[in-house]
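These notes are about the structure you will find just below.
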Amino acid sequence: MGSTAEEFLVASEQKVFDADHRRIINNSIDKYNAAAASGISRITNLDNAKKKGHVIKWKVMENLDKFLPEFEANFQRRGGKVIWANDAEEANREILNIIQRAKAKTVVKSKSMVTEEIHLNEFLKENNIESLETDLGEYIVQLLGQAPYHIVTPAMHLSKEDIARLFNQHFNTPLDATPEQLTLKARELLRDKYLQADVGITGANFLLADTGSVAISENEGNARLCTTFPKIHIAVVGIEKIIPSITDLDLFWPMLSTHGTGQNLTVYNTILNGPRQPNETDGPEEMYVVLLDNGRTNLLAQKEQRQGLYCIRCGACLNVCPVYQNVGGHTYNTTYSGPIGAIITPHTDGMAEFKHLSYASSLCGRCTEVCPVKIDIHKMLLLNRRDAITENLVTNKERWGWAIWKKGMLKRSMTDFFGGKMKNFFLRFFFKNTWGHLREMPSVAEKSFSKQWQEKHQGEE
């Protein structure tokens with residue numbers, strides 16, 4: 001077991017017994033469940049919509065070498081510039097080059113998981129560039145020095161009292177400030193930053209191949225400010241975010257909003273086609289799209305598991321996952337937590353280090369059930385487990401343990417070879433410290449059902 005797996009187990013055990021954490025998360029997810037049920041109910045034929053989304057994303061992944069150049073050509077036609085980045089280091093270097101050429105010192109960012117993936121804020125800070133998150137949730141976790149807790153709601157793990165204390169420490173606001181007052185304070189602090197910033201950085205929810213456009217969905221309007229006031233706009237986007245046509249947004253926008261937050265449609269939906277044109281009154285003078293691979297082609301090469309790239313980052317699978325609800329987002333120690341992170345991270349960041357995430361699941365199937373593009377998530381988890389064994393990444397203890405268990409379970413005479421007393425001894429001896437210290441150990445009957453059946457019906461024909 002690697003150190004990452006050990007850290008996950010230790011952090012998980014601490015978090016599941018944190019009653020306050022459980023209260024906050026259950027409250028947030030209960031609200032999400034009610035909103036999502038209402039939003040999704042408005043979709044006339046949900047299963048058909050999911051199938052359509054699945055087929056579109058399948059088409060894209062099977063023809064990624066066609067759609068990405070198509071997007072690039074159409075985006076460049078409007079004066080935009082495309083940068084291809086193989087990994088996080090290359091992406092950060094290219095972004096820094098743009099900032100340094102412009103002699104910029106301040107950056108405003110809208111919510112973007114892909115910039116979290118490449119640790120852009122930390123990189124810019126190391127190079128003496130101020131990078132400020134403008135999404136309220138991201139701004140809060142940035143003040144705390146934490147990573148986002150959730151794909152959609154970064155500060156889900158914090159109560160309003162926690163946030164009030166944080167703002168009191170940083171800005172001397174009242175400890176009993178309401179959420180509305182805290183939001184107004186953040187708005188007051190951030191407004192001037194938009195005007196002062198030299199560069200705006202965003203992610204993208206979708207890239208539109210046929211028009212060469214960047215589509216961004218948000219609820220606060222901060223992304224529009226980040227892309228309008230600064231002279232330079234940089235969009236950092238994973239290569240899997242491409243969709244064939246602008247007409248596909250009539251499917252993906254409602255599916256993203258209903259499954260992500262329960263809304264019929266996200267409040268602000270913006271389509272950007274490049275830098276400001278001569279006949280336009282606003283927008284950046286320069287616009288760049290950084291197309292990031294960072295391990296995605298490793299997952300694309302897995303024919304059985306590449307559907308992990310279909311994900312539209314709605315976060316629905318996190319909200320229904322019983323493991324995520326108990327251990328929380330930070331224990332995963334990855335950018336993408338929950339079920340979707342468990343299936344993609346071993347391929348993008350290394351199976352040896354992150355194979356344990358695919359075991360952090362009850363395989364209840366709820367993640368697959370709610371996915372808006374019908375990713376077979378719990379099957380992908382099993383395939384990752386298979387790959388870990390195939391690549392000889394499990395310990396000899398684990399390998400031999402399962403081999404013995406399999407042999408015993410496949411042959412009734414071996415299953416019944418030991419009586420209940422011996423089986424109970426084995427349970428206490430092998431599992432008391434690893435499994436039994438948190439729960440009452442089961443007591444195995446002296447005789448198995450099969451043995452009792454044989455004795456009862458002995459002599460009967």
Side-chain angles (χ1 to χ4, degrees), residues 4 64 68 72 81-102 104 106-135 137-139 141-142 145-152 154 197-207 214 216 223 226-227 230 232-242 287-300 308-309 311-313 315 329-330 332-338 340-341 344-350 353-354 357:
T4 308
L64 205 55
L68 286 173
E72 180 182 32
K81 299 174 183 176
V82 175
I83 297 169
W84 298 75
N86 289 313
D87 52 31
E89 182 183 353
E90 190 173 342
N92 284 330
R93 187 172 64 247
E94 292 290 347
I95 293 167
L96 181 63
N97 288 341
I98 296 168
I99 294 172
Q100 289 179 336
R101 280 199 304 269
T106 57
V107 168
V108 285
K109 287 178 70 267
S110 74
K111 185 177 179 304
S112 165
M113 290 306 296
V114 77
T115 57
E116 295 289 342
E117 179 184 337
I118 64 176
H119 305 291
L120 180 60
N121 284 341
E122 294 87 339
F123 176 78
L124 294 179
K125 185 178 180 180
E126 290 169 2
N127 287 275
N128 302 312
I129 294 167
E130 180 189 14
S131 178
L132 184 70
E133 296 289 351
T134 61
D135 172 88
E138 290 276 358
Y139 181 58
V141 294
Q142 186 180 36
Q146 295 180 357
Y149 181 91
H150 188 282
I151 291 174
V152 176
D198 304 297
V199 176
I201 297 178
T202 70
N205 296 94
F206 305 102
L207 297 177
V214 176
I216 301 174
C226 288
T227 59
I232 299 173
H233 171 211
I234 305 170
V236 189
V237 193
I239 57 174
E240 81 282 7
K241 289 297 186 74
I242 199 94
M287 183 173 174
Y288 300 84
V289 170
V290 178
L291 288 173
L292 180 70
D293 182 342
N294 205 35
R296 286 163 174 77
T297 50
N298 295 335
L299 183 52
L300 186 66
L309 294 171
C311 176
I312 61 173
R313 302 292 190 266
H330 288 150
Y332 289 81
N333 198 26
T334 63
T335 304
Y336 308 105
S337 54
I340 190 62
I344 64 176
T345 305
H347 296 280
T348 58
D349 292 15
E353 190 174 1
F354 290 101
L357 296 182

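Only this structure's heavy atoms are used, side chains among them; waters, hydrogens and symmetry mates stay out.
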Item to complete: Nearest 0.5 Å please: distance from the CG atom of L207 over to the CD atom of E240.
Response: 9.0 Å

Discussion item. Any side-chain to backbone donor/acceptor pair from K111 onto I151? Under 3.5 Å, distance only.
Written reply: yes

Item to complete: For E353 and T4, test the side chains for any donor-to-acceptor distance below 3.5 angstrom and give the result as yes or no.
Response: yes

Fill in: Given V290, V236, I234, the one that forms side-chain contact (heavy atoms from CB on, under 4.5 Å) with T115
V236

Worksheet, complete the sentence: Tightest non-hydrogen contact, residues F123 and N127, listed as O-ND2, 2.9 Å

Fill in: Distance (rounded to the nearest 0.5 Å) between L300 CG and H347 NE2
12.0 Å

Worksheet item: Nearest 0.5 Å, what's the CG-CG distance between N298 and D349?
Response: 10.0 Å

Discussion item. Restricting to non-hydrogen atoms, name the atom on D135 and the atom on P154 that form the minimum distance, rounded to 0.1 Å.
Written reply: OD2-CG, 4.1 Å

Item to complete: Would you give the length of the straight line joining atom CD1 of I99 to atom CG of D198, rounded to the nearest 0.5 angstrom?
Response: 9.0 Å

Discussion item. Quick one, I201 and S112 - any side-chain contact, counting heavy atoms below 4.5 Å?
Written reply: no

Worksheet item: Given E94 and K81, is the salt bridge (charged side-chain N to carboxylate O under 4.0 Å, His left out) satisfied, shown in steps?
Response: CA-CA 12 Å; E94 292 290 347; K81 299 174 183 176; over 6 Å; no

Worksheet entry | Full working for side chain to side chain contact (heavy atoms under 4.5 Å, CB included) between T297 and I239 | CA-CA 9 Å; T297 50; I239 57 174; 4.1 Å; yes

Item to complete: Determine whether R101 and I98 make a side-chain contact, defined as any pair of heavy atoms from C-beta on separated by less than 4.5 Å.
Response: yes

Item to complete: Flag yes if more than 12 heavy atoms outside E89 fall under 6.0 Å of its CD atom; otherwise flag no.
Response: no

Worksheet, complete the sentence: Correct closest heavy-atom pair for M287 and V214 would be CE-CG2, 3.8 Å

Practice prompt. Report the C-alpha separation of E117 and L292 in whole Å, then their side-chain angles, then the decisive distance to 0.1 Å, and conclude whether the side chain to side chain contact (heavy atoms under 4.5 Å, CB included) test is met.
Written response: CA-CA 10 Å; E117 179 184 337; L292 180 70; 4.0 Å; yes

Item to complete: Please report the shortest heavy-atom distance between I344 and G308, naming the atom on each side.
Response: CG2-O, 3.9 Å

Worksheet entry | L64 and L309, any side-chain heavy atoms less than 4.5 Å apart | no

Discussion item. Distance check, rounded to the nearest 0.5 Å: E133 atom CD versus E116 atom CD?
Written reply: 5.5 Å

Worksheet item: Which one of I216, I312, V237 satisfies the side-chain contact (heavy atoms from CB on, under 4.5 Å) criterion with F206?
Response: I312

Worksheet entry | V82 and L68: CA distance, side-chain angles, deciding distance, side chain to side chain contact (heavy atoms under 4.5 Å, CB included) verdict | CA-CA 10 Å; V82 175; L68 286 173; over 6 Å; no

Practice prompt. Output yes when a side-chain donor or acceptor of H330 lies under 3.5 Å from a complementary backbone atom of A147, and no otherwise.
Written response: yes

Worksheet, complete the sentence: T106 and A197 have their tightest heavy-atom pair at OG1-CA, 3.2 Å

Worksheet item: Do N92 and L120 come within less than 4.5 Å of each other through their side chains, counting heavy atoms only?
Response: yes

Discussion item. Minimum heavy-atom separation for N121 and S131, please, with both atom names.
Written reply: OD1-OG, 2.6 Å

Item to complete: Any chance you could lay out the side chain to side chain contact (heavy atoms under 4.5 Å, CB included) test for N205 and R313, step after step, and finish with the verdict?
Response: CA-CA 8 Å; N205 296 94; R313 302 292 190 266; over 6 Å; no

Practice prompt. Kindly compute the distance separating CD1 (I340) from CG (L357), expressed to the nearest 0.5 Å.
Written response: 12.0 Å

